[in-house]
Amino acid sequence: MFVGRAARGPGPHAVYVTNWASDTAAEFGLNDVGSLKTPAISLPVGKGGTHPQASIRSHDGKWLYVGNWGTRDVTPFRIEADGRLTAFPAAHGPAPEPVTPSGIALSPDGENLYTANFGNGGDGTVSHYRVSADGLPHGVATIPAHGRGTTALAVAPDGRTFVTANSASGDVSTFTIATDGSRTWVTTLATGKGAFFAAITPDSSHVLVTNSLADTISFLNLGKDSRPTLVSTVSNPADEPRGIVLTAKGDRAYVANFANGTGPGHITTFTVTPTGVSQAGPAVATGGNGVEGIALSHDGRSLYNANFNTDGDGSVTSYPLAADGSVGTPRPPVLTGAVSPT
């Protein structure tokens, strides 16, 4: 899921989610306080596109890119002035063909798009797309992720490194990024069973990893040579941590807990310092089941999560955030109008 402008930044006030089981992308307008407008507006993820799994908005707020697990491609949507989406033809995954794209990320300059490819739990890969001046992605190359079951990736804000989370092998891989967006593998480091998502701090010096099957969060140092070092791993007070998002300052991390897609979802919060992470407050129930997608508003005042609600109607929960970053009382979940949002 992704949040458009909220008080600062380009683009309309909107939250976007991908509905995995309905093959659609949905848009919610936002009220001034950060709550969701209803109903959600949905449209298909392109001709024949199936199982949209991840999305990211362009830095200029004009495009939403959706990675499709089922059809192994990326659908670009132009974001209109009112926040509504217009679909463009999907960009086919570059050779060798990616298998089950799961995560998506953009380079800081917005000129390179990457997908993490799960590979059906086998050898994972990473695909590179070049974004042309008109905003459309074009496949360049797919390379090994050097891990199994690659579920997500993150690009460092300084643009020199990206990190993949490899859930089936329980590790993360790091790569250097050349000026043309191409990647060179550096190393792979074990973090914990079910390494699922990674987030990199704003200063590009640390990586946080959710280990979904170990119910832990790992904290890594990231060297200037793009080599990670495991500093510590802490317990996560909820079931199956997956999605993770950091504040603009990098001092708080919010984690979405999947609970097998059927159990009660929770949001857990961690304080982040240069030396590690620690739990900050109790887990907060989302009012839905199976939370994976999570996003922050640009002004840092609201938090959003997608409730997967396996085999049921998907929904999104929003929360006000206090000045100290603590999560306020969740607003009632709002239906996406489709099934299994991520």
Side-chain angles (χ1 to χ4, degrees), residues 1-6 9-31 35-93 100-106 110 113 115 129 131-132 134-139 243 288 290 292-295 297 304-318 333-342:
M1 72 183 305
F2 203 85
V3 182
R5 180 173 64 94
H13 297 278
V15 170
Y16 301 98
V17 296
T18 52
N19 296 299
W20 192 84
S22 297
D23 301 332
T24 60
E27 175 259 331
F28 289 93
L30 291 176
N31 297 305
S35 59
L36 301 169
K37 293 181 179 179
T38 58
I41 300 170
S42 297
L43 72 163
V45 288
K47 184 177 180 180
T50 61
H51 296 328
Q53 175 67 17
S55 63
I56 191 167
R57 193 198 61 166
S58 62
H59 302 317
D60 62 7
K62 296 179 179 179
W63 293 89
L64 184 75
Y65 302 108
V66 175
N68 299 310
W69 170 288
T71 41
R72 308 179 180 190
D73 51 22
V74 173
T75 301
F77 291 87
R78 188 175 63 208
I79 301 174
E80 308 298 348
D82 61 359
R84 299 197 181 195
L85 301 173
T86 299
F88 280 66
H92 295 292
T100 50
S102 179
I104 196 165
L106 271 171
L113 179 74
T115 62
Y129 299 78
V131 180
S132 54
D134 60 5
L136 299 177
H138 306 274
E292 181 171 305
I294 189 167
S297 63
Y304 306 88
N305 72 256
N307 300 303
F308 196 75
N309 293 344
T310 299
D311 297 327
D313 294 331
S315 63
V316 173
T317 304
S318 64
V334 177
L335 295 178
T336 67
V339 182
S340 303
T342 58

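Values below: all heavy atoms of this structure, side chains included; hydrogens, waters and symmetry mates excluded.
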Side chain to side chain donor-acceptor pair (under 3.5 Å) involving [X] - partner list, sequence neighbours excluded:
X: Thr75; value: Asn68
X: Ser102; value: none
X: Asp313; value: none

Taking side chain to side chain contact (heavy atoms under 4.5 Å, CB included) as the definition, give me every residue that meets it alongside Thr86, ordered by chain and number, with sequence neighbours left out.
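Scan of Thr86 (side chain to side chain contact (heavy atoms under 4.5 Å, CB included), adjacent residues dropped) gives Arg78, Glu80, Phe88.
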Residues passing the side chain to side chain contact (heavy atoms under 4.5 Å, CB included) test with Thr310, sequence neighbours excluded, are Thr262, Phe308
Interatomic spacing from [atom1] in [X] to [atom2] in [Y] - rounded to 0.5 Å:
X: Thr24; Y: Ile41; atom1: OG1; atom2: CD1; value: 12.5 Å
X: Ser340; Y: Asn19; atom1: OG; atom2: CG; value: 8.0 Å
X: Thr50; Y: Arg72; atom1: OG1; atom2: CZ; value: 9.5 Å
X: Leu64; Y: Arg57; atom1: CG; atom2: CZ; value: 9.5 Å

For [X] and [Y], work out which heavy atoms get closest and say how close.
X: Thr336; Y: Ala26; value: O-CB, 4.2 Å
X: Pro137; Y: Tyr65; value: CD-CE2, 4.0 Å
X: Pro52; Y: Val66; value: CB-CG1, 3.5 Å
X: Pro76; Y: Ala90; value: CD-CA, 4.1 Å
X: Gly83; Y: Tyr16; value: O-OH, 2.9 Å
X: Pro333; Y: Asn307; value: CB-ND2, 4.1 Å

Flag the pair [X] / [Y] as yes when at least one side-chain heavy-atom distance between them is below 4.5 Å, and no otherwise.
X: Leu113; Y: Ile56; answer: yes
X: Asn31; Y: Leu36; answer: no
X: Asp23; Y: Pro44; answer: no
X: Val131; Y: Trp63; answer: no

Residue pair Ser315, Val334: steps toward the side-chain contact (heavy atoms from CB on, under 4.5 Å) verdict
CA-CA 5 Å; Ser315 63; Val334 177; 5.9 Å; no
Under the rule for salt bridge (Lys or Arg N to Asp or Glu O under 4.0 Å), what residues qualify as partners of Glu27, not counting sequence neighbours?
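Salt bridge (Lys or Arg N to Asp or Glu O under 4.0 Å) list for Glu27, sorted by chain: empty.
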Given Trp20, which of His51, Gln53, Glu292 fulfils the side chain to side chain donor-acceptor pair (under 3.5 Å) condition?
Gln53
Does Val339 offer a backbone N or O that forms a donor-acceptor pair with the side chain of Ser22 under 3.5 Å?
yes
Tell me yes or no: between the side chains of Thr342 and Thr18, is some donor less than 3.5 Å from an acceptor?
yes
